Amino acid sequence: MAKAKTIPAKSLQAIQESKAPVNKKAARSRVGKLPDARADVPFDDDVAELKIYPRTVEDRAVYINPKTNRKLTEFQFKVLDLCAQIPKGKVTTYKKMADAVNSSPRAIGGVMRINPFCPQPVPCHRVVASDGFLGGFNGQWGAGGNMRNKRAKLEKEGCKFNADGFIVADKSGDFNVFGDFDTSKL
DNA sequence: CGAGACCATCGCG
DNA sequence: CGCGATGGTCTCG
């Protein structure tokens, strides 16, 4: 029964050629890190729960992020606001978001990590890596991570994935990265 | 106030 | 397909 868990390079190539939505770059080492389920993290595909999100400057000034026990910075709110613009059933990438606020993808990831407003109104599960890979969730990346829940949430919204954790279609049936951010109201 | 650490990435070799 | 480079932010002393 025991089979190799790593994915043969050929399969990866096939995946890239036929389905890779964004770049046709070769899959990276992270692909070999599947599966993504973690026994210690309960399954959760809820995409409806609505957290209270401080909108006004005053409210934001006093809000304490329960995840960090700290206030959120201006930049963090900016990124969260941006993320909140992603329509249901669509996804965007860390890079797109970074471009939108003149930041870097890693900084975006950093904010997603501490996002206390998941899954609403800040649907951080709709942010994937630039090549369509599901990426990280819940503070972890790839395998050790808990992509299962991120994936479950997206599937519930109508997105499709292949066996390796790459998105192949959003709700519309195609895959196109959402990048139409309105940065004017940040 | 400054330096160092961190990262749910990227893209090149 | 692996690995190092890189940018920006956060944290702590």
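Chain letters run A, B, ... following the sequence lines, proteins first, then strands; residues in each count from 1. Predicted model only: the values in this text are computed from it and were never measured.
In this entry the distance linking CG of A:N115 with P of C:dT9 reads 17 Å, nearest Å. Whole-Å rounding puts the A:F77 CZ to C:dC10 P distance at 12 Å. Between the NZ atom of A:K150 and the C1' atom of B:dA8 there is a distance of 6 Å, given to the nearest Å. Between the P atom of B:dT9 and the CZ atom of A:R106 lies a distance of 7 Å, rounded to the nearest Å. Computed from coordinates, the A:K95 NZ to C:dG8 P distance equals 11 Å when rounded to whole Å. Distance CG (A:L80) to P (C:dT9): 14 Å, rounded to an integer number of Å. The CD-P distance, from A:Q76 to C:dC10, rounds to 4 Å in whole Å. What separates CG of A:L82 from P of B:dA8 is a distance of 19 Å, to the nearest Å.
Across B:dC10, C:dT11, B:dA8, the shortest atom-to-atom separation from the side chain of A:A129 is found for B:dC10. Distance from the side chain of A:P105 is smallest to B:dT9 among B:dA8, B:dT9, C:dG7. Checking B:dA8, C:dG8, B:dT9 against the side-chain heavy atoms of A:C124 singles out B:dA8 as nearest.
Taking the ring centre of A:F77 as origin, the terminal cationic atom of A:R55 falls outside the region bounded by 6.0 Å and 45° from the ring axis.
For A:T73, no side-chain nitrogen or oxygen approaches OP1 or OP2 of C:dT9 to under 4.0 Å. One finds no side-chain N or O of A:R113 lying less than 4.0 angstrom from the OP1 or OP2 phosphate oxygen of C:dT9.
Below 30°, between 30° and 60°, or above 60°: for A:F117 and A:Y63 the angle between ring planes is between 30° and 60°, a tilted geometry.
Under the Watson-Crick and G-U wobble criteria, each requiring two contacts below 3.5 Å, nucleotide B:dA8 is left unpaired. The nucleotide C:dT6 finds no pairing partner, because no Watson-Crick or G-U wobble arrangement with both distances shorter than 3.5 Å includes it.
At the heavy-atom level, A:T68 lies nowhere under 4.0 Å from the strands shown. Counting any heavy atom pair closer than 4.0 Å across all strands shown, A:F75 reaches sugar-phosphate atoms only and no base atom.
For the salt bridge (Lys or Arg N to Asp or Glu O under 4.0 Å) with A:E157, the qualifying choice from A:K171, A:R151, A:R126 is A:R126, the only one to do so.
Considering only heavy atoms from C-beta on, A:Y53 comes within 4.5 Å of A:D81 through its side chain.
Counting all heavy atoms, side chain and backbone alike, A:H125 lies closest to A:K150 at O-CE, 3.4 Å.
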